[in-house]
*Asks:* 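One structure follows; several queries about it will come next.
All values reported here derive from a predicted model rather than from experimental measurement. As the structure lists them, so they are numbered: ligands from 1, and atoms in each ligand from 1.
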Amino acid sequence: MKLARFSALSLLFAFALLLFAGPVRTTAAPHVPSFVLVAHCGAGDYSKAPPGFIEPRREAMIVAIKQGYAILASGGASLDAVEATIRSMEDSGLFDAGRGTYYTRAGVPEMDAAIMDGRTLAAGSVASLQHIANPIHLARLVMEKTPHVMLVGPGAEEFAKSQGIELVSPFYFYNERLWELYKKAKSAGEKKQSSALKGDRDDEHGTVGVVALDQQGNLAAGTSTGGTVMKMPGRVGDSPIIGAGTYANNESCGVSATGTGEFFMRNIVAADICERVRYLHVSLEQAADDVVMKELVDQHGDGGVIALDRQGNVTTPFNTTGMMTGTVRADGKIVMKGWSKTAEPIIVPASQ
Ligand code: ASP
């Protein structure tokens, strides 16, 4: 009886305590936004590049990455960050994309691009463009404003006009350095030095690509390119082929590739990496390494990829001697590396 009275009293006491003190408070962990953006500007060999080649390209990448970072940091979508970062690199004229596009054998630049939304698997791509300043933007419009995934050549440019995009003249893409290289390669080709017409991959780099993960946990990937040096007119590479050079799926990962596109198309490299993650449950790093450093190497397929998953893991394997990349996370530090296998990374703040 005494015991029962005692327990009833202690219950009452506990109740009163709760009433006056309120519920037990725990200090909630502060919400740390998490997002990642990784960009590349092509695989190749920077050690053969003339002096002063690397620095302006690194700077242009940093400028571009800052734009993507600002979008992600303010809670924006990975798709917007991918498009803005690539647009900036296309406009710089320093990469084989947009304004800096290489010439085809016919002396006219031709561009390809693709963008993909990992949340919905929506994708848009464009190829063989000759008059579009920002192919990545047109790829986005194909994704959002048409029932199709890919538009090419004059049809794609007609669509661009219908969307209010101004067609630019070939002079917009004029670049003295590239024109000199083109003339040299063409005259060597006329003397039947077939390597000149094939292009020397070691001297080529400049395709641009970005993969991003936003604060909502959505992945997106995009790639923009002028293709390979001295490509045949009408040749389309891997970059605009969904699953070959560009792929994003929230279930697995996002990938943008660079290298001799024919190998990336035959091996559906970007999708293969993501499907290995999805079905074999291997890490992103292992999947990308197995494809880029084993399968492609066995076939002499040169190049590399940037890959990112929803957990924020990033891997950037390349089987050439260089592939410049920049990665930024919520800590606001852009980590630039890859212009040689041994180069020390350079870290710069992402805030303007
Ligand atoms: N993959 C691109 C293409 O084959 C070229 C490159 O990445 O350098 O069109």
*Asks:* For Phe159, is the NZ or CZ atom of Lys145 found under 6.0 angstrom from the centre of its six-membered ring and inside 45 degrees of the ring axis?
*Replies:*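 Output no; distance or angle outside limits.
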*Asks:* At a 4.0 Å threshold, what atoms of ligand 1 neighbour a non-hydrogen atom of Gly227?
*Replies:* 9 (O)
*Asks:* Heavy-atom contacts with Thr228 under 4.0 Å: which atoms of ligand 1 show up? List them by number with element.
*Replies:*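 Here the atoms of ligand 1 in question are 4 (O).
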*Asks:* Thr258 heavy atoms, cut-off 4.0 Å: which ligand 1 atoms fall inside?
*Replies:*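 Answer, ordered by atom number: 6 (C), 7 (O), 8 (O).
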*Asks:* For ligand 1 and Gly237, I'd like to know whether there is a polar contact (N/O to N/O, distance under 3.5 Å).
*Replies:* no
*Asks:* Can you tell me if Gly259 has a non-hydrogen atom under 4.0 Å from ligand 1?
*Replies:*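 Contact present.
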*Asks:* May I ask you to check if ligand 1 and Ala257 share an N or O to N or O distance below 3.5 Å?
*Replies:* no
*Asks:* Kindly say whether His137 contributes a backbone atom to a donor-acceptor pair with the side chain of Asn134 at under 3.5 angstrom?
*Replies:*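 Here the side-chain-to-backbone pair does not exist.
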*Asks:* Going by an N to O cut-off under 4.0 Å, is there a salt bridge joining Lys184 and Glu180?
*Replies:* no
*Asks:* Does ligand 1 come near enough to Thr260 that some N or O of the ligand is less than 3.5 Å from an N or O of the residue?
*Replies:* no
*Asks:* Taking distance alone, with N or O pairs closer than 3.5 Å, would you say Asp238 contacts ligand 1?
*Replies:* yes
*Asks:* Among Lys231, Met111, His40, Arg235, which one has a heavy atom closest to atom 9 (O) of ligand 1?
*Replies:*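 It is Arg235 that holds the nearest heavy atom.
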*Asks:* Are side-chain N/O atoms of Glu285 and Asn313 paired as donor and acceptor at under 3.5 Å?
*Replies:* no
*Asks:* For atom 8 (O) of ligand 1, which of the options Thr207, Val269, Asp96 provides the nearest non-hydrogen atom?
*Replies:* Thr207
*Asks:* Please list, chain by chain and in numerical order, all residues satisfying salt bridge (Lys or Arg N to Asp or Glu O under 4.0 Å) with Glu275, sequence neighbours excluded.
*Replies:*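 Partners of Glu275 by the salt bridge (Lys or Arg N to Asp or Glu O under 4.0 Å) criterion, ordered by chain and then number, come out as Arg278.
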*Asks:* Side chains of Asp117 and Asn218: donor-acceptor distance under 3.5 Å anywhere?
*Replies:*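 Judged by distance alone, the side chains do not pair up.
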*Asks:* Give every residue pair that meets the ring-ring contact (aromatic ring centres under 6.0 Å, His included) criterion with at least one member in residues 61-95, sequence neighbours excluded.
*Replies:*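 Of all non-adjacent pairs touching residues 61-95, those that pass ring-ring contact (aromatic ring centres under 6.0 Å, His included) are Phe35-Tyr69.
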